[in-house]
Structure formats: structure tokens, C-alpha cells
Amino acid sequence: MGRMSESPIEAQPPVAAKVPVQRTHHGDTFVDDYEWLREKENPEVIAHLEAENTYAEAVTAGQQELRGRIFAEIKERTEETDLSVPARKRGWWYFSRTAEGQQYAVHCRVAATDTGDPVADWTPPVIEAGKPFDGEQVLIDGNAEAEGQPFFALGGLAVTEDGNLLAYAEDNAGDERFTLRLKDLSTGELLPDVIENVFYGLAFSPDGSRVYYTVVDDSWRPNQIKVHTLGQDPSRDVVVLQEDDPGMWMGFDLAPDQKELLISIGNSEYAETHSLDLIDPLAAPRLLLGREARILHGMDPVTVDGERCYLVTHNLEAVNNMVSLVAADEFSKPLADQEWATVFAHRTDVKIEGTAVTATHAMVSVRQDTIERIQVLPLSGLGTEAQAAVTEPDFDEELYTCSLAGAEYDAPVIRLVYTSFLVPPRIYDYRLDSGELSLRKETPVKGGYDPADYVAEREWATAADGTRIPLSVLRRREVSRDGSNPALVYGYGSYEMSMDPGFSIPRLSLLDRGVVFVIAHVRGGGELGRHWYDDGKKLAKKNSFTDFVTATEHVVATGWAHPRRVVAMGGSAGGLLMGAIANLAPQLYTAIVAQVPFVDALTSILDPELPLSALEWEEWGNPITDADVYAYMKSYTPYENIAAVQYPKIAAVTSLNDTRVLYVEPAKWVQRLRDISTGSEPIVLKIEMDGGHGGASGRYEAWKDRAWDYAFALDALGATERI
């Protein structure tokens, strides 16, 4: 067992000046001493953040060797020179390569051949990692694009139907504002068309003459769909549709048959869908289902028995969603007069997540007993008594995730990804006619990894109100319930996001040091259906926090962890969870790692001008207009509930250019924690000065970030040596 490293005595945390600012809402005044740290362009703020990094480096200097070992373990287990399974689109197989020593993927393609045998034509070519393939063409090399840039990320790739043009969006700051570029793949030359400040999502018109993209407003909310005609000045780009409600998010999907663009506008409680005909360049969007119906839904265009229809996943009288088939003409009628044929009826024990279609089949993603799986049925007879029974691939693990990775419109197969806590991702092709599974790849794990050395189990903790909370408990097989183990409890619990079973190479570095890794599937996530989300949002949000505390107490009480060897970890909204449990039960945790933490939630949501704030009202409530929401949020938001108690070691990890959770939140939180805490444990802020919400760019930098977080946790747990 390793010993906790001592912080250097000379290291003193930076102390930010107190500049009191009063904020008054609903007759309540809060005095904020550190709001001035929001001034990103202020040299004093930058100097302070750099001083925080210096302090964090000094406090964690003793962890540097451990960080190096964890990074080396991740590297040694990862097949660095690797490639994805080629995926067919029209006449090409598309894939990406990674090479040892390179941070970014290289996106490539090779020409496909058509023999008339659908099985042979949709069997991907065997391409070897690290070896050139005859006819291989590089679409975009992330390493070349990133050269000389402080940051690099792609926000979308699209290829025209004829395969001649590539559109891609790149971010060189980490702020998720992308530059759209176009490339002639026959010559390799970039077109003069360059469009700044676009968001995620790109789609070409079928003839390749137009490209559609999304634009964000000043609060980073996607509010416009625009179209660029190739060769024209981008200043002449036309707004296809604009959304002015600050609480609504906008996006689009290209129909599988490429004939229309489905534009969705919505929040977490209701949505609106428009269809844009892509064949007619002069077409205007057509409203299919409006927001006034207050139906949360998603749509897939589909042709059933020769008729254009829409497969609608919706919550109309179906809290866990159902799937209906609606003929296109029905949407021209009043909602009450429309005929919706049931494809999947509502079930209380199954949550329907969404659908996808090919020319012949529909795929439905369902969640049952927390597990996501894919079900398939033919389109013929859909929504009638002649509808066929569903089929689904069968797997023999208890805790796994099966998700759809690709469904080309004219393909006889769909591509699935299967993974679990112990099994690295497997890529399968699933034949739609026979249900036959063909394994195309299992992600290699080097270094002698054997899944039999580890165990993943489901346990249940019981909350004070009687609710059973699912836990995923991961450990090395030889670790037993003897009450002595170190444990890391991880959680998220917001936005109906589920923490699904998935493999992680970095996590092995924790398990191999005897750590029991526990995922607390707290309310606010989506693991047990819509009610699980509803019971952890708005005026029920505190359930997320108390569930996490209950999960921690369960882990100790059942012998999985020593009561003084528990670390908590979570990021983003899970960082809010970390701040809340630090206030609720600081005595339970040896240390807390809060990644890009949303710890000043009330301040952010009270200002609709801040990035994405208005969109948050459907998650937390609107504290601007609702005094009850204000009072409830003020009672739990981490920054405003710091108390004069002994806090454990805390690491807040953030990025200067994060647009989703601004750096100022953890910066303020850390200052106030140090000011009020009666404890002596170090509280550090590590800030990536060139990163975004996901941290620094590049896979090696991401591994270093993970190694930093895990070393901080392992050092606090006294579990630095492999067992």
C-alpha cells in the first residue's frame, strides 16, 4: 500500500482579491466576492489562474511519478497503431487510422466494388494497421491539420453523394466554434469557400451544390440552420430556419435516403420538427409537428409499402415513449384528426430511446433493466396487423451495452457496437434478413489483459425514501468484501444521461491497484426510464445528491470499502454532484475530483446571456421567474452552500475555453472553499489554458489528463502500488 505524499510546506495557495458584488432576486441578496474572476481578458485573472496551476503543480509534485506510471500503463495497453472497421457509403469504404506517436486520427477511404452479391459487397475489406492499402485515399489528416495549433477538434465530416467533395469543420481553440472548409477529393485542393463560426452538424444536398450547417448565437445556443451554395460568398448564405426562443435547442439530421433534412427544435420536455425537401433548392421548411402540442419526440422518414411516412418516437400518453407510424399527409391535419398507427406500444418497464431505418428495416433502441439494446423489424406491414415480430441479437453478459453504429439506407446489414465493463468494444455486422452476427473487430487490449481477472456486478442501495438505486461494482477478482479496500465512487445524474456499461483502458490502472470502482446510477440519469430522470430534476434535484451519498454509505456498509478510503469523482453536471456531496457529507470522502464542475449553477442560470443558460431552465427550473425554484437551487448549489466544516482533499479540473461550464465556476468555488473550510487538506485548481469542455486535444494529452485525475485519487487513497 502506498503512502499519501505530503504537500510541500512552502506551497501556498493563491488568494484572489475580494471584490464584493451583490446579486438580489426574489428579495434574497447574495454577496459574491469572486465574480470578478469572470473577466477572462483581465491580465490579473490570467495571472491568478496561472498561479493556481503553479500551486496545483507544487501540491501534487509527489504524484508526478505515479502519473507517469499510469500514463505508461494506458499507453502500453493501447494498440496505438490501429484502424477502425471500414464502413460503406455508396461506392466507398470509409475508415480512420491512428499511428504510434501521433495524437490524431487520419480519415481515409478506398473504393468499393459491386459484384451483385450483397453479402460480399457489404463485407469490409481487410486493411492492416500501419500498412498502406492499395488505392487508399486520405480525406483529412488530423495531425497535419493540428500542426502549429494550440488545439484541434473536428466538429463534423460530410461527403457528397457522388463522393467528390468533403466538408469538414475544425476547432482550434476548444470553444466549439468551428471553421467550415470544403475539399475537392479528386484533386486534394481546398475550395475557396470558408465559413467561420459554425456549430456541429454538416450535410450536403443530394447534388452536392449546397451544404447545410448550424450557427450558434452569442449564448452558444444553436439558433439557425443555414445553407451555403458552393462558389458563392458566405455572406450570402441563406437562413433556412431560425429559432428565437432562448430555451430551445436546434439541430438537424439528414434523412437516410438523402431526400430531406429533418430539423428538430426542442428542450428536455417537448420538441418541434420541420422537414426540408432537399431535391428542390427553392423549397421552404414544412412544419410536421409543432411545439404547441407539447410532445417530446423524434422522427425518421421512411417509405412503407410505397407510401412516405414518418416513424415517430414520442411521449404522448407514454412517459417511457412509444413508436408510431404516421403518413406524411397526416401532418397537414389538426393533431386531433391525425391517424397514428402504433408500432411499439408503451411499456412501464421499457424505455424507447429512438429509432433508425434502412430501406427495408426499422431499428429501435430500447432500455430495459438499465441495459441498452437494439431490436429490429421489417418495414413491410409496419403499423398493421401484418407487422412482423422484433428480433434482436443475443448476448450472454448481465451488464453490457449494444448500440447502433451505422445503418446505411441501401445496406443489407447494420453495424452494431457491443461493449461491457470487461469486454472492449466489439464491432459486429448484423444481417437484416437472417439475424446473423459477424464479428468484424474486437478492440485489442495489450499487456496481457484477461477479462477473467476482473468482476463487474450489479448491486442496489436503498435510499431513505425506499427507492432502490442501481450500482455497478467493478473490481479485480481477488479483491474481497473485507472492509479494507480503497474505492472510487463515480456519478453523473443529469439530463437523462445514462452511465452505460463500457470498457475503459485507463480504469484498469485503478482496478489493478485494488480500487473498487463503483458507478452510482443516481436519479436524474436515464437508467430506469423517464421517471428516473424526472425524479432527479427541477424540484427533485436533491435526490441525485442524496442517492450518491446513499451509494457511498452502501459501499462502506457492505464491506467493499474502508470508511476512510473513499474518493468521489464526477464531471460537468457530475461536477455539480461533487460540489453538492462535498457540502452534504464531506466526512465520507478522502478526496473529491471534480472535472469541469458546474458548481456555481445558480449564478449561471440567473444570467440568460451566459452560454447555454436559458436552455438549462427545463433541467433545473427557472430561478429568474420562479421564487420556489430560486430558493430550492440556492439550498443546494455548491458555491453558495460552502460551510465551516472540514472538507477533504479537492481537485477541480477545468479548461479556460470551455463554453459549457465556464472556468470561472471552479475558480470561484476553490477560492471560497479555501476561505471557509476549517480543514487543512489542500484544495487545488488545475486549468488547461488551451482546452475545451473535454480538456486538451489529442489522445496523448487526454491520457495525461486522466492520469493526473487518477493519480490524485490513488494518492489520497494510499493505493499507489499495483496489487
Side-chain angles (χ1 to χ4, degrees), residues 13-52 55 219-220 541 545 572-573 575-584 586 592 594 596-614 616-617 619-645 647 650 652-656 658-678 683-685 687:
V15 179
K18 291 185 177 181
V19 183
V21 174
Q22 287 193 353
R23 186 193 74 210
T24 301
H25 287 269
H26 305 290
D28 175 76
T29 297
F30 174 68
V31 178
D32 192 340
D33 291 328
Y34 301 113
E35 180 62 13
W36 71 275
L37 290 173
R38 193 177 299 278
E39 300 165 17
K40 190 177 176 181
E41 307 304 319
N42 184 340
E44 290 182 39
V45 171
I46 298 300
H48 172 76
L49 298 175
E50 288 172 342
E52 287 282 16
Y55 175 65
S219 70
W220 252 261
K541 186 64 217 168
F545 315 141
S572 198
L576 164 67
L577 176 63
M578 294 300 100
I581 58 106
N583 294 334
L584 271 176
I592 294 173
V596 289
F598 189 39
V599 281
D600 191 18
L602 187 53
T603 301
S604 293
I605 295 171
L606 283 167
D607 185 352
E609 299 301 313
L610 286 179
L612 306 179
S613 281
E616 300 287 352
W617 296 336
E619 183 74 18
W620 319 98
N622 186 343
I624 301 172
T625 59
D626 190 324
D628 291 340
V629 170
Y630 175 88
Y632 188 75
M633 289 193 71
K634 186 163 186 191
S635 74
Y636 71 70
T637 190
Y639 181 61
E640 295 176 42
N641 287 282
I642 294 167
V645 298
Y647 284 90
I650 292 177
V653 181
T654 189
S655 295
L656 183 64
D658 190 341
T659 56
R660 295 176 183 251
V661 178
L662 300 185
Y663 75 88
V664 67
E665 296 202 24
K668 288 167 59 176
W669 181 55
V670 161
Q671 283 298 307
R672 202 155 189 265
L673 276 168
R674 292 190 194 126
D675 193 36
I676 297 175
S677 173
T678 61
I683 296 168
V684 301
L685 174 70
I687 180 163

Next on the checklist: Given 3.5 Å as the limit, does a donor-acceptor pair link the side chain of R23 with the main chain of D32, or not?
Outcome noted: no
Item to check | Side-chain donor/acceptor of T654 to backbone N/O of I687, under 3.5 Å | outcome: no
Next on the checklist: Check whether H48 reaches the backbone of A667 with its side chain - one donor and one acceptor, N or O, closer than 3.5 Å.
Outcome noted: no
Checklist entry - Does D33 use its side chain to pair, donor to acceptor, with the backbone of V21 at less than 3.5 Å? => result no
Next on the checklist: With a 4.0 Å cut-off on N to O distance, would you call R38 and E609 a salt bridge?
Outcome noted: no
Next on the checklist: Can a donor-acceptor pair be found, under 3.5 Å and without considering hydrogens, that links the side chain of W36 to the backbone of A17?
Outcome noted: yes
Checklist entry - Do F598 and W669 have ring centres separated by under 6.0 Å? => result no
Checklist entry - So, the side chain of R674 versus the backbone of I683: is there a donor-acceptor pair under 3.5 Å, distance only? => result yes
Next on the checklist: Minimum heavy-atom separation for A601 and E665, please, with both atom names.
Outcome noted: N-OE1, 3.9 Å
Checklist entry - Excluding sequence neighbours, so at least two apart, what forms ring-ring contact (aromatic ring centres under 6.0 Å, His included) with Y663? => result none
Checklist entry - Between the main-chain N or O of P14 and the side-chain N or O of Q671, is there a donor-acceptor pair closer than 3.5 Å? => result yes
Checklist entry - Has the side chain of E616 got a donor or acceptor atom that lies under 3.5 Å from a matching backbone atom of I605? => result no
Item to check | With Y34 via ring-ring contact (aromatic ring centres under 6.0 Å, His included) - residues at least two apart | outcome: none
Next on the checklist: Treating N583 as the side-chain partner and P638 as the backbone partner, does any N or O pair qualify as donor plus acceptor under 3.5 Å?
Outcome noted: yes
Next on the checklist: Any side-chain to backbone donor/acceptor pair from Y632 onto A627? Under 3.5 Å, distance only.
Outcome noted: no
